[in-house]
Protein chains: 2
Amino acid sequence: MKKKQTSPNISKNFMDHNHDLCFESALKDFKQHFIEKELKLTPLRLKVFQLLLKDHRPLGAYQILDLLRKDGFSSTPPIAYRVLDFLIEHGFVHKIKKLNAFVACSHPGNSHSPTFMICRKCEKVAEINEKESGLKFNKETSSEFKIEEAIIELIGICKNCTKIEVI
Amino acid sequence: MKKKQTSPNISKNFMDHNHDLCFESALKDFKQHFIEKELKLTPLRLKVFQLLLKDHRPLGAYQILDLLRKDGFSSTPPIAYRVLDFLIEHGFVHKIKKLNAFVACSHPGNSHSPTFMICRKCEKVAEINEKESGLKFNKETSSEFKIEEAIIELIGICKNCTKIEVI
DNA sequence: TTAGTAATGTTATAATATAACATTGACTTA
DNA sequence: TAAGTCAATGTTATATTATAACATTACTAA
C-alpha cells in the first residue's frame with residue numbers, strides 16, 4: 001500500500017513557479033489529447049487555449065475576443081463562445097460560474113467534477129480534483145438525490161496573498 | 001451521545017408535501033426576522049419573497065419582474081435586482097449560479113454557505129446546510145487556502161423524478 | 001418646515017450569451 | 001476532377017442578465 005499520489009502542492013497556481021515550464025507542459029498535454037482523441041487542432045482553438053494558459057487567471061469571453069482581435073483573428077461573440085464550448089465539451093477548459101469566466105483545465109483528459117479555489121485578491125484560480133479536495137457528501141444526500149454534476153467554487157484568499165495581506 | 005439531528009427529509013422540496021403549511025411557515029419566519037433585525041418590511045419585499053416561495057422552483061429576475069407587473073408593481077430591472085440584493089444580503093434569498101435564478105432561503109437567519117441540489121427534470125431546488133450535506137474539505141485544502149465563501153450546486157435527478165423516469 | 005434618508009421609480013446602457021444563416025476549405029467519392 | 005458533404009469559421013442580429021445614474025416619494029427627526 002504505497003502512497004503514490006504525491007500531488008505536492010495543490011495550489012501551485014497561486015505561488016511562484018516556473019510558469020514557462022507550466023505553460024509548455026500544459027500545451028504539450030493539450031496537443032497530445034487532440035491526437036489521441038482525433039480532434040482537429042485549429043489555429044483558433046490553439047490560440048484560445050494559449051490565452052487561457054497565460055497566468056492562471058480566468059478570462060471572460062469578451063476579454064478573449066479582444067485578445068483574438070489583437071492577434072488578427074475574427075472576434076465576434078460566437079467565435080469565442082463556440083471555441084469555448086468545444087474546449088469545455090472535451091474537457092480542456094472549465095467555466096467559473098462565480099466569475100462568468102473561463103480557465104484552462106489542469107487535469108485534462110479525465111472527465112471530472114472539478115473544485116475551484118478562487119482568490120479574491122490576486123484573482124488567480126486553482127483547480128483541485130475530487131481526491132485532492134477530500135470532498136464527500138454523506139449517505140443521505142446521495143440516496144435522496146442522484147448527483148450528475150457538481151459545481152464547487154471556493155472563494156477566499158490564497159496562501160500567497162495571506163502572506164502579503166494587512167487586512 | 002444522542003443523535004439529536006433528525007432532519008428527516010433533506011429533500012422535502014422535491015416530494016409531495018403540504019405546501020400551504022410550508023409556505024405559511026416560511027413566511028412567518030421571514031416576518032419574524034424582519035422584526036428581530038429591525039428591517040423594514042415593504043410591500044415589494046414581501047411580494048418578491050412570496051413569489052419565490054411559490055413552489056421551490058427558482059425564478060429569474062425577469063420572471064419576477066413579469067409577475068410584479070401583473071400585480072401592479074413597478075417592474076423595471078432595477079426594481080427586481082435591488083430587492084433581490086437586499087434579500088440576499090440579509091440571508092432570505094440565494095442566487096443559484098447555475099441557473100441565474102433566485103430561491104427563497106430555507107434556513108434564514110443564520111449566515112451560511114448553502115449547498116443546493118437542483119433537479120434537472122422537475123427544476124425544483126432544495127437547500128441543504130453544511131451539517132446535512134456532510135461536506136468537508138481536507139486539511140490540505142484548508143491550510144493552503146482560506147475559504148470565505150463556498151458555492152456548491154449539485155445538479156442531478158431528485159428522488160421523485162427517479163421514480164417517474166424512464167430514461 | 002425643512003433637511004435627511006431609505007426606498008422606490010425611471011431611463012439608459014453595460015455585460016454576457018445565443019440564434020440563424022453564409023462562407024470557406026478540406027475531404028470524399030463517384 | 002467535379003460534385004457533394006461536412007466541420008469550422010465568419011457575420012448579422014438579437015436575446016438575456018445586470019448595473020449606472022439620476023429623479024421622486026414618503027417617512028423621520030431636528
Side-chain angles (χ1 to χ4, degrees), chain A residues 30-31 34-35 37-52 57-90 92-103 118 123 151 153, chain B residues 30-31 34-35 37-52 57-90 92-103 118 123 151 153:
Chain A
F30 177 73
K31 288 177 180 173
F34 266 77
I35 295 168
K37 296 179 180 171
E38 298 185 325
L39 302 171
K40 203 188 295 189
L41 181 45
T42 64
L44 187 55
R45 288 169 182 173
L46 179 59
K47 186 74 211 175
V48 169
F49 191 72
Q50 286 173 325
L51 292 173
L52 292 175
R57 288 186 177 88
L59 292 174
Y62 284 75
Q63 287 179 283
I64 290 170
L65 287 168
D66 287 344
L67 295 167
L68 287 176
R69 190 172 305 117
K70 282 176 190 157
D71 281 329
F73 287 84
S74 179
S75 59
T76 55
I79 293 291
Y81 284 105
R82 272 191 305 227
V83 172
L84 289 167
D85 283 350
F86 174 90
L87 294 173
I88 288 168
E89 188 186 340
H90 291 92
F92 299 114
V93 164
H94 298 294
K95 178 170 182 180
I96 310 287
K97 305 277 184 198
K98 169 73 182 183
L99 307 171
N100 289 326
F102 303 85
V103 284
I118 305 167
E123 302 183 282
I151 295 170
E153 299 178 5
Chain B
F30 178 74
K31 289 176 179 172
F34 266 78
I35 294 168
K37 296 179 180 172
E38 299 184 327
L39 302 171
K40 202 187 297 189
L41 182 44
T42 64
L44 187 56
R45 289 169 181 172
L46 179 59
K47 186 75 210 173
V48 169
F49 191 73
Q50 286 173 326
L51 292 173
L52 292 175
R57 288 186 176 87
L59 291 174
Y62 284 76
Q63 285 179 285
I64 291 170
L65 287 168
D66 288 344
L67 295 167
L68 286 176
R69 190 170 306 116
K70 282 177 191 157
D71 282 328
F73 287 85
S74 179
S75 58
T76 55
I79 293 290
Y81 284 105
R82 272 192 305 227
V83 173
L84 289 167
D85 283 351
F86 175 90
L87 295 173
I88 288 168
E89 189 187 341
H90 291 92
F92 298 115
V93 164
H94 298 294
K95 178 170 181 179
I96 309 287
K97 305 276 183 197
K98 169 73 181 183
L99 306 172
N100 291 325
F102 304 85
V103 284
I118 305 166
E123 302 183 283
I151 296 170
E153 299 178 5

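Order of the sequence lines fixes the chain letters, A, B, ..., with proteins taken first and strands second; residue numbering starts at 1 for each chain. Computed from heavy atoms alone, side chains included, the values below leave out hydrogens, waters and symmetry copies.
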With DNA chain D as reference, determine whether A:F73 or B:F102 sits nearer its 5' end, using the nearest nucleotide of each.
A:F73
Map A:F86 and A:T76 onto DNA chain D by nearest heavy atom, then report which one ends up closer to the 5' terminus.
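The answer here is A:F86.
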Spacing of A:R82 atom CZ and A:R45 atom CZ [to the nearest 0.5 Å]:
10.5 Å
Spacing of [X] atom [atom1] relative to [N] atom [atom2], expressed in whole Å:
X     : N      : atom1 : atom2 : answer
B:Q63 : D:dA15 : CD    : C1'   : 15 Å
A:L44 : D:dA7  : CG    : P     : 17 Å
B:D66 : D:dT16 : CG    : P     : 11 Å
A:L68 : D:dT11 : CG    : P     : 13 Å
A:H90 : D:dA8  : NE2   : C1'   : 13 Å
A:K95 : C:dT18 : NZ    : C1'   : 12 Å
A:K98 : D:dA18 : NZ    : P     : 13 Å
A:L59 : C:dT16 : CG    : P     : 12 Å

Of all the heavy-atom pairs spanning A:Q63 and A:P58, show the shortest one and how long it is.
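Minimum heavy-atom separation between A:Q63 and A:P58: OE1-O, 4.2 Å.
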How close do A:A80 and A:A61 get, heavy atom to heavy atom, and via which atoms?
CB-O, 3.9 Å
State whether [X] places a side-chain N or O below 4.0 Å from either non-bridging phosphate oxygen (OP1 or OP2) of [N].
X      : N      : value
A:Y81  : C:dA17 : yes
A:R82  : D:dA8  : no
B:T42  : C:dT8  : yes
B:K97  : D:dT17 : no
A:N100 : C:dA15 : no

Centroid under 5.5 Å and tilt under 30°, B:Y62 to D:dT16:
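By the stated criterion, B:Y62 and D:dT16 do not stack.
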A:G60 or A:P78: which one's nearest nucleotide on DNA chain C is closer to the 5' end?
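Counting from the 5' end, the first nearest nucleotide belongs to A:G60.
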B:K95 to B:Y81, cation-pi by 6.0 Å centre distance and 45° axis angle
no
Could you please name the option among D:dT9, C:dT8, C:dT11 that lies closest to any side-chain atom of B:I79?
C:dT8
With respect to the side chain of B:S74, which nucleotide from D:dT17, C:dT10, C:dA19 is positioned closest?
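Ranking D:dT17, C:dT10, C:dA19 by closest atom to the B:S74 side chain puts C:dT10 first.
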Return the orientation label for the A:F49 and A:F92 ring planes: parallel under 30°, perpendicular over 60°, tilted otherwise.
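Correct class here is perpendicular.
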